[in-house]
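Presented below is the structure to which this report refers.
Remember, predicted model here, so these are calculated numbers, not experimental data. Residue numbers begin at 1 in each chain, while the letters A, B, ... track the order of the sequences.
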Amino acid sequence: MSKVRVRFAPSPTGSLHVGGARTALYNYLYAKKNGGEFVLRIEDTDEARSSQESLRGVVDDLVWLNLLWDEGVEPQTLADMGPCAPYRQSERQKIYKEIAEKLLNEGKAYYCFMTEAEIESQREAAKAEGRPPQINSPHQDLSLAKAQEKLSAGEKAVVRFKTKHLKKDYIFTDHIRGQVTFPSDMVGDFVLLRSDGMPVYNFCCVVDDHLMRISHVLRAEEHLPNTLRQLMIYEAMGWTPPEFAHMSLILDEERQKLSKRKGAVATGHFKNEGYLPEAILNFIALLGWSHPDGKEILTLQEMINGFSLDRLHTSGAVFDRVKLKWMNAQHLRARDNAEIWKLLQPFLAREKMELPMDPVWQEKSVAAFKTSMEVLADGIELYRPLNDKSFVVLPEAEETLAWEPTKAVLVAWRDLVAATGKEYLSEEEFLKIQDEVKVKANAKGKNLFMPIRVAVIGKPHGTELKILVPLIKTSSLVDRANKVIAKLR
RNA sequence: GUUCCCAUCGUCUAGGGGCCUAGGACACCUCCCUUUCACGGAGGAUACAGGGGUUCAAAUCCCCUUGGGAACGCCA
């Protein structure tokens with residue numbers, strides 16, 4: 001058994017989306033589990049849609065996810081890295097051309113001069129008759145010499161693979177689906193090289209998988225029908241095909257293939273919302289795979305240890321954003337407070353909050369808020385009350401302010417806080433003051449707590465006061481109380 | 001239309017002939033904790049698409065039906 005070599009082969013035509021991320025993850029897990037190598041190949045043969053910016057984005061997303069590859073493009077410079085370079089298909093044209101010529105010379109492929117209009121009318125005719133929309137090229141038996149004449153006369157042609165003579169079933173064993181059978185007439189003569197000489201996916205995929213010695217092709221189910229074409233090319237070239245495993249699709253709420261058109265599915269979107277890479281990885285791993293021990297919250301290493309192809313599911317999985325959020329909360333709690341504080345910064349910066357620089361205060365605040373945060377962006381609303389500039393009395397506080405004992409509570413609260421002369425109150429000091437307010441203002445229960453909360457955060461519901469108060473300077477607490485008292489006419 | 005793939009709670013899944021009156025997780029409901037909101041804890045409701053076989057025994061194997069999905073590009 002040769003060495004395990006797998007690849008993730010994105011086309012840089014947009015940002016990495018969660019489906020691609022999962023394909024990358026499974027390939028990565030399989031490689032790591034089996035001591036193999038993980039190759040990143042760039043499928044950028046569609047010049048119109050591919051861009052350097054997209055490549056940059058895809059690479060950055062993979063790095064962010066911590067799915068690092070052994071060969072491909074170097075993450076920083078995007079320069080080639082590894083023995084099978086180049087890894088960008090756009091730079092491998094010579095290779096594809098040579099192989100196409102070999103097939104041409106052996107009569108296994110031919111130049112096809114059909115125009116777009118001719119192709120279109122054949123397709124429509126086929127559709128009208130209920131046949132699969134395959135094309136039947138009038139040039140399939142044109143001699144190579146004749147074709148070359150036309151070419152040198154300036155005519156444009158694609159290179160098509162000849163399928164008519166391959167009358168048999170193609171059978172292969174898929175590691176996830178078992179034996180899969182395709183009749184050869186399922187496909188028509190397909191294009192290998194475009195008229196501008198650029199290769200087409202099914203062709204360069206085979207050439208590169210072979211040349212890069214890929215042992216296992218793990219890809220999404222949408223490629224299952226492509227396997228037939230690819231098998232035909234392997235056969236024509238006399239190459240041994242790799243092992244295949246086609247994994248189920250990720251579906252949207254309508255049970256359709258998850259697509260950019262419906263909601264945000266880009267990895268970068270989740271990053272911006274404050275999802276942790278390990279949570280994304282954990283969540284997508286469980287979309288079509290399960291850990292042998294049934295464990296759900298997993299580290300990357302645990303996923304590697306428990307990974308095997310036979311635990312991959314055959315049917316599609318709906319992407320449940322609610323569960324993803326829950327999972328993110330779980331991973332968030334597993335992080336250090338200091339770490340979370342750091343991660344929170346870009347989010348708090350969006351709101352230009354001015355919060356204390358003291359690391360002790362910072363970690364204390366994270367400890368206080370950790371369990372009420374599902375995504376980092378939740379930190380914005382959590383920290384807002386701690387930021388003096390954004391203290392406002394919200395409309396939802398109206399009812400509390402109208403209560404009869406409220407004024408006495410607020411005044412007692414303000415005076416007792418001011419009297420301490422401390423910079424910050426400890427939890428114990430706060431509780432003591434609270435008891436004193438209770439006596440002084442003769443208020444208890446929500447008549448006591450809600451007015452104080454309004455005087456602290458501007459609304460009657462929120463985080464526990466004993467957690468919040470020690471995070472706010474007493475001078476600020478007094479200011480805030482005064483603002484609320486002023487509203488009482 | 002044609003071909004291929006798929007089918008367990010609303011969702012992700014466990015299960016691979018007897019351990020299944022089907023287990024876990026998210027969500028939902030109830031209660032407890034909490035003088036708020038959350039967190040946490042304890043319970044609850046909810047699924048083997050339908051029909052035929054095979055078998056002493058079927059969620060599990062086979063067939064059909066139905067339903068869903070994907071692919072049929074000079075996209076990948």
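Residue contacts shown for A:Arg41 are absent, as no nucleic acid heavy atom lies under 4.0 Å away. Within the 4.0 angstrom heavy-atom criterion, only backbone atoms of the sugar-phosphate kind lie near A:Arg123; the bases stay farther away. In this structure, A:His246 reaches neither bases nor backbone, as no heavy-atom distance under 4.0 Å exists between it and the strands shown. The residue A:Glu296 sits close to a base: some heavy atom pair falls under 4.0 Å.
Listed nucleotides B:rC74, B:rU35, B:rC4 differ in distance to A:Arg160; the shortest reach to its side chain belongs to B:rC74. Candidate nucleotides B:rC12, B:rG69, B:rC4 were compared by shortest atom distance to the side chain of A:Arg255, and B:rC12 ranks first. Which of B:rU35, B:rA76, B:rC72 sits closest to the side chain of A:Arg229 comes down to B:rC72. Checking B:rG69, B:rU36, B:rA76 against the side-chain heavy atoms of A:Met450 singles out B:rU36 as nearest. Picking from B:rC26, B:rA38, B:rC74 the nucleotide with the shortest atom distance to the side chain of A:Ile119 gives B:rC74. Which of B:rC4, B:rA70, B:rA76 sits closest to the side chain of A:Leu249 comes down to B:rA70. Listed nucleotides B:rC5, B:rA76, B:rC37 differ in distance to A:Ser11; the shortest reach to its side chain belongs to B:rA76. Picking from B:rC4, B:rA38, B:rA76 the nucleotide with the shortest atom distance to the side chain of A:Val200 gives B:rA76. Listed candidates were B:rU11, B:rC5, B:rC72. Nearest to the side chain of A:Leu224 is B:rC5.
Searching all strands for a Watson-Crick or G-U wobble partner of B:rU3 with both distances below 3.5 Å returns B:rA70. Remark: B:rC37 base-pairs with no nucleotide; criterion is Watson-Crick or G-U wobble with both hydrogen-bond distances under 3.5 Å. Using Watson-Crick or G-U wobble geometry with both donor-acceptor distances under 3.5 Å, B:rA45 finds no partner in any strand shown.
Between the NZ atom of A:Lys370 and the P atom of B:rA38 there is a distance of 21 Å, given to the nearest Å. The separation between A:Phe430 atom CZ and B:rU35 atom C1' is 12 Å, rounded to whole Å. A:Gln256 has its CD atom 21 Å from the P atom of B:rC5, to the nearest Å. For the pair A:Phe172 CZ and B:rC5 P, the interatomic distance rounds to 9 Å; values are reported in whole Å. Taking atom CG on A:Leu465 and atom P on B:rU34, their separation rounds to 17 Å, with Å as the unit. The interatomic distance linking A:Ile457 (CD1) with B:rA38 (P) rounds to 14 Å, in whole Å. Here B:rA71 presents its C1' atom at 11 Å from CG of A:Asn202, a figure rounded to the nearest Å. With rounding to whole Å, A:Glu254 atom CD is found 17 Å from B:rG10 atom P.
Regarding contacts with the backbone of B:rA7, every side-chain N or O of A:His313 stays at 4.0 angstrom or more from both OP1 and OP2. Dashed line: the shortest gap from a side-chain N or O of A:Arg311 to OP1 or OP2 of B:rG15 is under 4.0 Å. At B:rC37, none of the side-chain N or O atoms of A:Thr463 fall inside 4.0 Å of OP1 or OP2 (strictly under the cut-off). For A:Arg177 and B:rA70, the shortest distance from a side-chain N or O to OP1 or OP2 is not below 4.0 Å. Residue A:Lys257 places at least one side-chain N or O closer than 4.0 Å to OP1 or OP2 of B:rA71. Distances shorter than 4.0 Å separate none of the side-chain N or O atoms of A:Arg453 from OP1 or OP2 on B:rC37. Taking 4.0 angstrom as the limit, A:Ser290 places none of its side-chain polar atoms (N or O) nearer than this to OP1 or OP2 of B:rC12.
Separation of the P atoms belonging to B:rG40 and B:rA45 is 22 Å when rounded to the nearest angstrom. With both ends at atom C1', the span from B:rU66 to B:rC33 equals 50 Å, rounded to whole Å. B:rC63 and B:rC26 have their C1' atoms separated by 37 Å, given to the nearest Å. For the C1' atoms, the distance linking B:rA59 with B:rU13 amounts to 14 Å, nearest Å. Nucleotides B:rC19 and B:rU3, compared at atom C1', are 42 Å apart to the nearest Å. Using P as the reference atom, B:rC48 and B:rU21 are 14 Å apart when rounded to the nearest Å. Between B:rG67 and B:rG23, the distance separating the two C1' atoms is 27 Å to the nearest Å. Here, B:rC31 and B:rC37 have their P atoms 13 Å apart, quoted to the whole Å.
For a distance-only test at 3.5 Å, the side chain of A:Asp320 fails to qualify as a donor-acceptor partner of the base of B:rA27. Interface remark: the A:Ser195 side chain does form a donor-acceptor pair with the B:rC74 base, using a distance-only criterion of under 3.5 Å. Put simply, the side chain of A:Lys323 and the base of B:rA27 share no donor and acceptor less than 3.5 Å apart.
The aromatic rings of A:Tyr275 and A:Phe270 stand perpendicular to each other, their planes meeting at an angle above 60°, with 30° marking the opposite boundary. Note on ring orientation: taking the six-membered ring where Trp is involved, the planes of A:Phe190 and A:Phe161 are parallel (angle under 30°, cut-offs 30° and 60°).
Along RNA chain B, the nucleotide nearest A:Gln179 and the nucleotide nearest A:Ile135 are compared for position; the residue whose nucleotide lies closer to the 5' end is A:Gln179. Comparing A:Gln330 and A:Phe319 against RNA chain B, the residue whose closest nucleotide sits nearer the 5' end is A:Phe319.
Residues A:Tyr26 and A:Leu287 approach most closely at OH-O, 3.2 Å, considering heavy atoms.
A cation-pi arrangement, defined by a distance under 6.0 Å to the six-membered ring centre and an angle within 45 degrees of its axis, is present between A:Lys150 and A:Phe113.
Scanning for side chain to side chain donor-acceptor pair (under 3.5 Å) contacts around A:Ser308 gives A:Asp310, with sequence neighbours left out.
More than 12 heavy atoms of other residues, nucleotides or ligands sit less than 6.0 Å from atom NZ of A:Lys370.
Base orientation of B:rC39: syn, since the glycosidic angle falls within 90° of 0.
Contact of the A:Val206 side chain with the A:Tyr96 side chain is not registered, since no non-hydrogen atoms from C-beta on lie closer than 4.5 Å.
Of the possible polar contacts, none joining the A:Asn447 side chain to the A:Ala443 backbone as a donor-acceptor pair under 3.5 Å is found. No donor-acceptor pair closer than 3.5 Å links the side chain of A:Asp435 to the backbone N or O of A:Lys432.
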